[in-house]
There are 2 protein chains.
Amino acid sequence: MKNLRERDESPRKVPTHEITYCRLRDMILFGQLAPGQPVTIQGLTTMLDAGMTPVREAIRKLTAEGALELQGNRRVSVPQLTASQLDEIAFARLTIEPKLAHMAAKRLETKDINELAQIDADIDQAIAAGDVQRYLLGNYRFHVTLYERADAPILLSMVHSLWLRFGPSLRVVCGRYGTSNLPDRHGEALAAMRAGDAEALSRALKEDIEQGIDQVRLSLAA
Amino acid sequence: MKNLRERDESPRKVPTHEITYCRLRDMILFGQLAPGQPVTIQGLTTMLDAGMTPVREAIRKLTAEGALELQGNRRVSVPQLTASQLDEIAFARLTIEPKLAHMAAKRLETKDINELAQIDADIDQAIAAGDVQRYLLGNYRFHVTLYERADAPILLSMVHSLWLRFGPSLRVVCGRYGTSNLPDRHGEALAAMRAGDAEALSRALKEDIEQGIDQVRLSLAA
DNA sequence: GTCAACCAAATTTGATCAAATTATTCACGC
DNA sequence: GCGTGAATAATTTGATCAAATTTGGTTGAC
């Protein structure tokens, strides 16, 4: 009985700072906050409709994850990647993500593969429609859903942090060049999953990641 | 003139939450907080002699880095590693740290190598004297000092997080079995640095890390 | 054994103080 | 006389704290 909550006003179960963190993170990953654009803490309190402490805590967490940086003294912003930082991310992603895919391969059940196929279908639709937002969200979900099956929380959190650093730049690329030329090795990946071929799966992921990073690298040079 | 601060009471330059974060982090890395031991936020406010907000922010940051975990509901604690989590850390460390060593190799100057030799000498003294605290601090400084020369902030922050996860367990091992049997491939590493051999350096680091992890793995089985 | 009241701890808000940025004004030079 | 630059004042923002609210756990009574 104590779990039932009748009041519409406060169906609180998760703390505000958690909600604030998620909302701010999604803003960084999928859009509204462009790299370099400076934001004040108080601006975020009104933007996210939360008190000062929860916003503050969300910022600390995201700063630790590399999704935000404390710019000089007074403002925070989404970091703008340099070429050498992109190389670091490339190395880390190409090492860890194929490993997670490999680990996940053995544990994947038919249900999981169907779910991933569903997500992939949605991605194809988004690409065809030129819907950047939906492509980014689908791509993120595809990778994370797969990696979660590896049951490796530490590596997963590292990947999570890498996506927070990489996501904003990918978004900029999509916004500039549209959804064509974007990585779509998901078909190969799904085939490897169905065949239970861990090696092939991790190879497909590696190529998918390389393609995405090359895209950003090109855009960075310009 | 405005930068001069006469008042003894408040020589504030770095914010409290920064200081609190560092102090708490060092407590986790080098000692006082054992894995599994639950701590309350209020306990930390008195222990660290800081207000509630700074402590809260430090906890958020350390939680994001994996140094603390929100235990069920109500308390935080230093996570206790499972065997599979140790495998994850082993994979990540053995991938990233040799890479950083390799990157650093080309940039090392004589001054840096001398500094590292100095640290290594201090480690040897600590091992001979059985001084666990000093060994841990020296070992940490040796690795971090080397990696910093790679000029790769993202990979460095990932390593930083891995050490925060690994450190407490290493400490437990030292406390239980003393400072013998501990990794000391630093001599080989220094030789490789002097020879300018990046491959040999990264190999030495790899062996040093493997040795340390095996030590913890053994202790975990018991 | 279950329910309710109480207690302790976490969360959150609002207030206060300090610091920094911006705007305005005054002075000096061209 | 007009424009530029520096200095100071004002407003905005950040950091910290203390108090109030909420939540979860525990204990005692029925």
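None of these values were measured; they are calculated from a predicted model.
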Heteroatom pairs (N/O) under 3.5 angstrom, protein to nucleotides 11-13 of chain D:
residue, atom, partner, partner atom, Å
D:dT13, O2, A:R74, NH2, 2.2

Selection residues 78-92 of chain B - residue pairs positive for salt bridge (charged side-chain N to carboxylate O under 4.0 Å, His left out), sequence neighbours left out: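 Output for this query lists B:D87-B:R217.
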
Taking ring-ring contact (aromatic ring centres under 6.0 Å, His included) as the definition, give me every residue that meets it alongside B:F142, ordered by chain and number, with sequence neighbours left out.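 Counting only residues at least two positions away or on another chain, B:F142 forms a ring-ring contact (aromatic ring centres under 6.0 Å, His included) with B:H186.
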
Kindly write out the residues that satisfy side-chain contact (heavy atoms from CB on, under 4.5 Å) with B:V76, not counting sequence neighbours, or none if the list is empty.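 In terms of side-chain contact (heavy atoms from CB on, under 4.5 Å), with neighbours along the sequence ignored, B:V76 is linked to B:V39, B:I59, B:L70.
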
Residues in contact with DNA chain D, drawn from residues 47-58 of chain B - heavy-atom cutoff 4.0 Å: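 Nucleic-acid contacts, sorted: B:G51, B:T53, B:P54.
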
Any pair counted as ring-ring contact (aromatic ring centres under 6.0 Å, His included), so long as it reaches residues 93-121 of chain A, sequence neighbours left out: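 Of all non-adjacent pairs touching residues 93-121 of chain A, none passes ring-ring contact (aromatic ring centres under 6.0 Å, His included).
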
Does [X] have any side chain to side chain donor-acceptor pair (under 3.5 Å) partners at least two apart in sequence or in another chain, and if so, which?
X      : answer
A:S77  : A:Q71
B:E148 : none
A:R60  : B:H17, B:E57
A:Q118 : none

Nucleotide [N], atom [atom2] - distance to [atom1] of [X] in whole Å:
X     : N      : atom1 : atom2 : value
A:I59 : D:dT16 : CD1   : P     : 14 Å
A:E18 : D:dT23 : CD    : P     : 15 Å
B:H17 : D:dC17 : NE2   : P     : 11 Å

State whether the number of non-hydrogen atoms from other residues, nucleotides or ligands found under 6.0 Å of A:R141 atom CZ is greater than 12.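 Check fails, neighbour count at 12 or below.
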
Residues two or more places apart in sequence or in another chain: which of them pass salt bridge (charged side-chain N to carboxylate O under 4.0 Å, His left out) with A:D112?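 Listed in chain order: A:R149.
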
What's the angle between the local helix axes at either end of the helix from C:dG1-D:dC30 to C:dC30-D:dG1, using five pairs per end and rounding to 10 degrees?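 Between the axes fitted at each end of the helix from C:dG1-D:dC30 to C:dC30-D:dG1 lies an angle of 10°.
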
